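Working notes, structure below.
Quick note: numbers below take in every heavy atom, side chains included, and nothing from hydrogens, waters or symmetry partners. Counting convention: from 1, in listed order, for ligands and their atoms alike. Owing to the predicted nature of the structure, the values given are computational and were not obtained by experimental measurement.
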Amino acid sequence: MKAGTLYSSTNLKAPLSSFREALLKGLAPDGGLYMPVNLPVFSQDELEKFSSLSYPELASHIIGSITGDEIGIEELNEICNSIYTFGIPLERVEDRHYIMRLDQGPTASFKDFAALLMGRLMQYFLGKEKRKITILTATSGDTGSAVANAFKGLENINAVILYPANEVTGLQRKQMTTLGGNIRVIEIDGKFDDCQQLVKTAFMDPSLAGFNLSSANSINIGRLLPQSVYYFFAWSRLKISSEDRCIFSVPSGNFGNLAGGIMARMMGLPVKRFVIATNENNEVPLFLQNDEYRPISPSINCISSAMNVGHPSNLARIIAMYGGRMDEKGTIHSMPDMKALKHDFFATSISDPDTRTTISEFYSKHSLMLEPHGAVAWAGLQEALDKNPEYRNELCFALETAHPAKFREEIKVILNIEPELPETLRKAESQSEEFLSLENNYDLLRRLIIQNY
Ligand SMILES: *Cc1c(COP(=O)(O)O)cnc(C)c1O
């Protein structure tokens, strides 16, 4: 079996790493983000065969081609079969334009695809080495529940999840606090940024160096690779030929989802263009327009709350893929190929009023329900089609990244209908909760880690 892809750092000052090392470390030692340096490229013949594979088979094939001999193929097959047990509905809207529903996983968010695989791959390496780690993560909602569900019951991993007391919905909280076992959930009397700061302080604290802390947010390459698979899947189900070049509209916040799509294209997926659809946090669309990058701080609160990001952590990766270099703070040291970026991406920002109008018009016209993030993607796609009428006949997908029931209150105001909770969320509603409340004080978190891990 062939050697796996190696990983370099976006800061270019770290040695090349294996997948195992990049996955378990999270951040490269020079503070940069890990990037695959030699992704496999699938031939047209191979792409042709993808249409006969199930989702777990496709995931195992693509991830296995990337990780090579680092992971046993039988173990990888087993992992993919046991986690990818839910469907990916491709709903036809009109012409060859589809909604790709990534909302059928255990927490009804697209983040399940990556979190589930990342957890199991971490466990794979740690189990072999008989080593334990503690995942420490701050969440504003969706990441925490996806991570908590994905890591639940994994023997060699404990998870500590911090969330801001007044910034997550009751349903989001219950998805984390009803699990118990190796999942510890802490409510912080503060804002999301405070939680993030506590986590960062813990990672840099030398007195916790022996505690094997690691992170599960989208700086981890293990959160990106699994997100390339559903792009191949959607295309393989609906293409006319292996040269049928399609368009994906991706609702973007930290740009991890899009980074997965770009990697899929690097591996040979025929993509004509990506639509980058943001909410009012429009720093990336403006960057592509003006060749000048200005983070938005503080970020703007929009109803598509998982995309309220004023400085996306994966932008450094996308800039690196286009030959530029950007550091953690957002300073660009060398410009990417802007001409290529503008050619490959159509970027637009959708306001909250336009998001609401899209949800309501889409429902009356197509009898299908969108939640705010999917609505941003659909509105972005419509704008791209209006500006490029030649795309009308192309195969297009707008990504629906969460289930409408996760945004019940908002949907009820807009449509006057209460979306029904999927089975998995209904279960969490009725179970008993367990969580700790802490003041926003680093010393308390530090003591808790020392006493428990
Ligand atoms: C996280 C999230 C996004 C944004 O994805 P990124 O990878 O951060 O760009 C979009 N929609 C939903 C529902 C999310 O939870």
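- Applying the salt bridge (Lys or Arg N to Asp or Glu O under 4.0 Å) test to pairs two or more places apart or on separate chains, those with a residue in residues 354-370 are Arg356-Glu410.
- Applying the ring pair (Phe, Tyr, Trp, His ring centres under 6.0 Å) test between Tyr55 and each of Phe86, Phe232, Tyr84, Tyr230 identifies Tyr84 as the sole match.
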I'd like the atom pairs linking ligand 1 to the protein - N or O on both sides, separation under 3.5 Å - with distances to 0.1 Å.
from	atom 1	to	atom 2	distance (Å)
ligand 1	7 (O)	Gly256	N	3.0
ligand 1	7 (O)	Asn257	N	2.8
ligand 1	8 (O)	Asn254	N	2.8
ligand 1	9 (O)	Gly253	N	2.8
ligand 1	9 (O)	Asn254	N	3.3
ligand 1	9 (O)	Phe255	N	2.8
ligand 1	11 (N)	Thr401	OG1	2.7
ligand 1	15 (O)	Lys111	NZ	2.5
ligand 1	15 (O)	Asp142	OD2	2.8

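- Ring pair His373/Phe407 is tilted by interplanar angle, where 30° to 60° counts as tilted.
- Remark: Arg92 pairs with no residue by the salt bridge (Lys or Arg N to Asp or Glu O under 4.0 Å) rule, at least two apart or across chains.
- The list of salt bridge (Lys or Arg N to Asp or Glu O under 4.0 Å) pairs with a residue in residues 253-272, not counting sequence neighbours, reads Arg265-Asp344, Lys272-Glu394.
- Nearest heavy atoms, Met307 versus Asn281: O-ND2, 3.9 Å.
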